[in-house]
2 protein chains.
Amino acid sequence: MAEERKWQILRAIIDDYIATAEPIGSRTIARKSGLGISPATVRNEMSDLEEMGFLEQPHTSAGRVPSLKAYRYYVDCLMSPPVISEQDIAFIDNWYRNKVRSLEEVFQETAKIIARFTRNVSLVVSPQFSQCRFRYLQFLPLDDDRAIAVVVTDNGLVENRIINIPGGVDFADLQRIAQAITNRIAGQTVEAINDIDWRGLMDCTLPGGEVIDRAVQVVRQTLLASRRQKIHLGGTTQILDQPEFRDSNRARNLLSVLEEERVLCDILDKGNEDQGDGLIITIGRENKFSGIQDCSIVQATYRLNGQTVGKVAVLGPTRMEYGRISAILGFMRRHIDEVARRIGQN
Amino acid sequence: MAEERKWQILRAIIDDYIATAEPIGSRTIARKSGLGISPATVRNEMSDLEEMGFLEQPHTSAGRVPSLKAYRYYVDCLMSPPVISEQDIAFIDNWYRNKVRSLEEVFQETAKIIARFTRNVSLVVSPQFSQCRFRYLQFLPLDDDRAIAVVVTDNGLVENRIINIPGGVDFADLQRIAQAITNRIAGQTVEAINDIDWRGLMDCTLPGGEVIDRAVQVVRQTLLASRRQKIHLGGTTQILDQPEFRDSNRARNLLSVLEEERVLCDILDKGNEDQGDGLIITIGRENKFSGIQDCSIVQATYRLNGQTVGKVAVLGPTRMEYGRISAILGFMRRHIDEVARRIGQN
DNA sequence: ATTAGCACTCTATTTGCAAGAGTGCTAATA
DNA sequence: TATTAGCACTCTTGCAAATAGAGTGCTAAT
């Protein structure tokens, strides 16, 4: 029982700190915990908790603040189980219903919703097609000296680029070039395509050498683009309202991290080694990336078409509402596939 | 002559204030102006300038600070003519040479360069094709129940979208639908297309009604997207280094303005009524949009293919290096077309 | 085991004071 | 007449001491 009470007090402290961002004193907890306990008793328990490494004192006469270890214990054992209210669900559903027109927009809007509900920075990583293969190349007419090269991959990604047609090549030639390229490399990945020798592609000699070069380049870029994941951010401005970012240095630090897409990818990948399912919570210095070591990250993976996966995540000060945020991300990860399907397009 | 000296002093004050962000006293000017004049004389002149509305005193015993009117006079008559050094030109040229692969990237990189050179926020508005017309629609095969709709506009914009093929429609039907739609509306703008009655499009009845709906929707969206201008931002983080944004409220204010693309468009459009050519400088409260009334904007228009136009702009505190910034934007506006051409694509 | 009481510690705020920077004015100067 | 030196005055900034407040730790009583 004595043990049990300690955790109740710890929870009360963390809950309060999450809400107020101020160090908590024994009086406050004695009042708010609802345990019918005097401040002196709370002080004793707090002293124990500090010795156990769960609490820290900014200075002797301030209240106490949860340590990393406390947050960890909190999310693992203490916090009330993540639930999301019917009301929130209804709001989210309604939000999507009118707004979404393309897959890109699903991600963008999801980022906005998460940011809005969590009051932190949200990150939505669009899925990464780890192996994508070339399906076909086709040219469409544009004008006398330009054509549109359209590349289609087997995961349904389509990209186009305008290319110049050199003199002496007519549209029929282009069609044959497209056919020849397609025949040669359909089903190949980027790596394979990089190694191919294009000489002797056509059975007859054409003056269209540079068209081939350019077309192959478009093909390659499409495949590369397809496997690159893109990160959609939300709430980057509102995060500055959080008291921990009053200090403009910290604010700038965070913002410059958010500006670097590659860094963000690394940060999120790091937490991924764990399970591929469920939520991963990384707290404070558990994260190895400088610049956000006083921040926590909650991330979850989602599926699209039951197969390819991306991530939704929230980044904010360690003092974040882990429960609420987990609930929202948990809902989103289950929901996002359905929303994507609803726009009749993958 | 007396007049002439006043302006020299005013210029010295503004130059110094732009460099230091601190109110300037008479001693400083007496030393730096190079006029061989005592502080007392400068004080008299400054007193005059204040009465004329060019200077302001934060408080009695501080130095003085340029007013909006002073900045206006400075950019109109006082500042040294904008020049950009050979060195800078070389740097910029070299920057582009390797980086740029697509038109989108030209804008993105341009924003980065401008931000880097001016140490302020840069804005690059991609061109707005005010009237764009539908050229043709084509379907490409994807799999049994999906196809790719490709729309081409007469300004060379290409967009694609995946659509579902309802049962009972085969690919040949799709081709005929595309042909019919193209015949019906080639050369039309969005407005015209919105008014068209699509019933009776096909001479025979097809079960592909929803395909037509969806295809028309894609056409419409393409035309709309083509005329929508997109804004590329640069330097949004580094601007926080400027002393005027130490105050985190101001910083947040600015950042939330920058987050709203539509607001930015409005802000830039406002200054556009003037000439279509050359540089437009909007100083402080000359700008009517709240949230950036202590900022100035320098903007210039550029041409692409000698016809469609977009904008490059710099946004920062009123205390900005108008001369340098004008020079850089002036160079960019002349340069951007050439860079775009260099990637062999419009 | 709990709690009331009290001395102690540390921060944050206020107050007063001196230094510094800059001005405005007046009288002397070229 | 324009310029300048000199000086009193004002206002900010920085610093130190004093004060109030919040919270703790310990002891003794319950």
Side-chain angles (χ1 to χ4, degrees), chain A residues 1-10 12-17 19-67 70 243-244 246-247, chain B residues 1-10 12-17 19-67 70 243-244 246-247:
Chain A
M1 132 147 211
E3 277 298 284
E4 178 56 25
R5 194 179 60 181
K6 253 188 192 49
W7 303 138
Q8 286 182 292
I9 289 173
L10 182 57
I13 292 171
I14 297 177
D15 283 338
D16 202 74
Y17 186 67
T20 65
E22 303 276 315
I24 322 293
S26 51
R27 274 183 65 90
T28 319
I29 293 305
R31 253 188 291 112
K32 291 197 185 172
S33 72
L35 291 171
I37 268 176
S38 83
T41 311
V42 176
R43 274 205 287 283
N44 290 330
E45 299 283 29
M46 283 171 97
S47 186
D48 290 356
L49 284 167
E50 181 166 2
E51 206 164 342
M52 296 160 74
F54 288 106
L55 294 179
E56 287 162 2
Q57 269 187 309
H59 55 259
T60 332
S61 87
R64 284 171 167 102
V65 160
S67 67
E244 15 275 287
R246 281 290 162 71
D247 175 23
Chain B
M1 125 135 217
E3 278 298 285
E4 179 54 25
R5 194 179 60 181
K6 255 189 191 48
W7 304 138
Q8 284 182 291
I9 288 174
L10 182 57
I13 292 172
I14 297 178
D15 283 339
D16 202 74
Y17 185 68
T20 65
E22 304 276 315
I24 322 294
S26 51
R27 274 182 63 89
T28 317
I29 293 305
R31 252 187 292 114
K32 292 196 185 173
S33 73
L35 291 170
I37 269 177
S38 83
T41 312
V42 176
R43 275 205 287 283
N44 290 331
E45 299 284 27
M46 283 170 98
S47 185
D48 290 356
L49 284 167
E50 181 167 4
E51 204 164 344
M52 295 160 74
F54 288 105
L55 294 179
E56 287 162 2
Q57 267 186 311
H59 53 82
T60 335
S61 86
R64 286 171 165 101
V65 160
S67 68
E244 16 274 289
R246 282 289 162 72
D247 175 24

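Just so you know, these numbers come straight off a predicted model, no measurement behind them. Quick note on labels: first sequence line is chain A, next is B, and so on, each numbered from 1.
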Please report the distance, rounded to the nearest Å, between [atom1] in [X] and [atom2] in [N].
| X | N | atom1 | atom2 | value |
| --- | --- | --- | --- | --- |
| R43(B) | dA5(D) | CZ | C1' | 10 Å |
| E45(B) | dT4(D) | CD | P | 11 Å |
| E56(B) | dC11(D) | CD | P | 18 Å |
| Q57(A) | dG25(D) | CD | C1' | 10 Å |

Closest to side chain of [X], choosing from [options]:
| X | options | value |
| --- | --- | --- |
| S38(A) | dT3(C), dT11(C), dG25(D) | dT3(C) |
| I37(B) | dG24(C), dT4(D), dT3(C) | dT4(D) |
| M46(B) | dT12(D), dT10(D), dT23(C) | dT23(C) |
| A40(B) | dG25(D), dA5(D), dT23(C) | dA5(D) |
| S26(B) | dT3(C), dT23(C), dG24(C) | dT23(C) |
| S61(B) | dT10(D), dC26(D), dT4(D) | dT10(D) |

* **Distance below 4.0 Å between T60(B) side-chain N/O and dT10(D) OP1 or OP2** =>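 Negative; the distance criterion is not met.
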* Answer yes or no: does a side-chain N or O of R64(A) lie under 4.0 Å from OP1 or OP2 of dG25(D)? =>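 Affirmative; the distance criterion is met.
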* Structure fact -> Answer for the Watson-Crick or wobble partner of dT27(D), both distances under 3.5 Å, is dA4(C)
* Asked: How long is the span from the CG atom in D16(A) to the NZ atom in K32(A), to the nearest 0.5 Å?
  -> 4.0 Å
* Asked: Taking C-beta and beyond as the side chain, do M46(B) and S26(B) meet within less than 4.5 Å on heavy atoms?
  -> yes
* Determine whether L35(B) and V42(B) make a side-chain contact, defined as any pair of heavy atoms from C-beta on separated by less than 4.5 Å. =>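 Result no, sub-4.5 Å side-chain heavy-atom pair not found.
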